[in-house]
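See structure below.
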Amino acid sequence: MGGDDQDWANVTAINVLGARVAANAVLPELRDGRGSLLFTGGGYALSPSKEFASLSVGKAALRAYVQVLHDQLAGTGVHATSVTIAREIGGGEARFDPAVLAQAYLELHNQPEAEWQHELMRY
């Protein structure tokens, strides 16, 4: 598999440990009321690439982490979800326009708790 050990460690740290550190930093502020932790993943989590093996594994690990965090926070008033974007942002398709994606994040934040999901996928 491509990349050396340091590359794999860096990608894992960025994708998973970075998300965990960020979540742990803001969770104490959100526990007394409604809040959202919104993470962004990529299509390699769903369709790994041999050319980008470490990135593929990192995105898959981030996706798994957010699913677990979503379950752990159930009933606390805090929504953890990821938006998996499997195409190029701003690449000409309307659904991947930055303003459209921003609206999707806002809608996730404003969802009623009964509709919370662990992931929104954009193919």
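Because only heavy atoms are used, hydrogens play no part in the values below, and waters and symmetry mates are left out as well, while side chains stay in. When a residue number appears, it is its place in the shown sequence, counting from 1. Predicted model only: the values in this text are computed from it and were never measured.
No side-chain heavy atom of Arg87 sits less than 4.5 Å from a side-chain heavy atom of Arg122. Within the 4.5 Å cutoff, side-chain heavy atoms of Leu46 are placed close to those of Thr84. Residues Tyr105 and Val83 form a side-chain contact, since some pair of their non-hydrogen atoms from C-beta on lies under 4.5 Å apart. The shortest distance between side-chain heavy atoms of Lys59 and Asn15 falls below 4.5 Å.
Hydrophobic clustering, with ILVMFWY side chains joined whenever heavy atoms are under 4.5 angstrom apart, groups Leu69 together with Leu30. Linking ILVMFWY residues whenever their side-chain heavy atoms come closer than 4.5 Å, directly or via other members, leaves Ile89 and Leu62 in distinct clusters.
Here the closest non-hydrogen pair linking Pro98 and Gly90 is CD-CA, 4.1 Å. Of all the heavy atoms in Pro48 and Ser56, the pair that sits closest is CA-OG, 3.5 Å. A pairwise comparison of heavy atoms in His109 and Ser36 identifies ND1-OG, 2.7 Å as the closest pair. Closest of all the heavy-atom pairs between Gln117 and Leu108 is NE2-CD2, 4.3 Å. For Ser54 against Asp7, the heavy-atom pair with the smallest separation is OG-OD2, 3.1 Å. Closest of all the heavy-atom pairs between Val66 and Ala80 is CG1-C, 4.2 Å.
Atom CG of Asn24 is surrounded by more than 12 heavy atoms from other residues, nucleotides or ligands within 6.0 Å. Counting heavy-atom neighbours within 6.0 Å of Arg20 CZ, excluding the residue itself, gives a total of 12 or less. More than 12 heavy atoms of other residues, nucleotides or ligands sit less than 6.0 Å from atom CD of Glu115.
Atom CH2 of residue Trp8 and atom CG of residue Leu55 lie 10.0 Å apart, to the nearest 0.5 angstrom. Atom OG1 of residue Thr81 and atom CZ of residue Phe39 lie 9.5 Å apart, to the nearest 0.5 angstrom. Distance check: Trp116 CH2 to Gln111 CD gives 9.0 Å after rounding to the nearest 0.5 Å. The CG atom of Asn10 sits 11.5 Å away from atom CG of Leu17, with the distance rounded to the nearest 0.5 Å. Remark: Leu37 CG to His79 NE2 distance equals 9.5 Å, nearest 0.5 Å. For the atom pair NE2 (His70) and OG (Ser82), the distance works out to 10.0 Å, reported to the nearest 0.5 Å.
The closest donor-acceptor contact from the side chain of Thr76 to the backbone of Leu73 lies under 3.5 Å.
Here the options are Ile85, Leu120, Leu106, the test is side-chain contact (heavy atoms from CB on, under 4.5 Å), and the partner is Leu101; only Ile85 passes.
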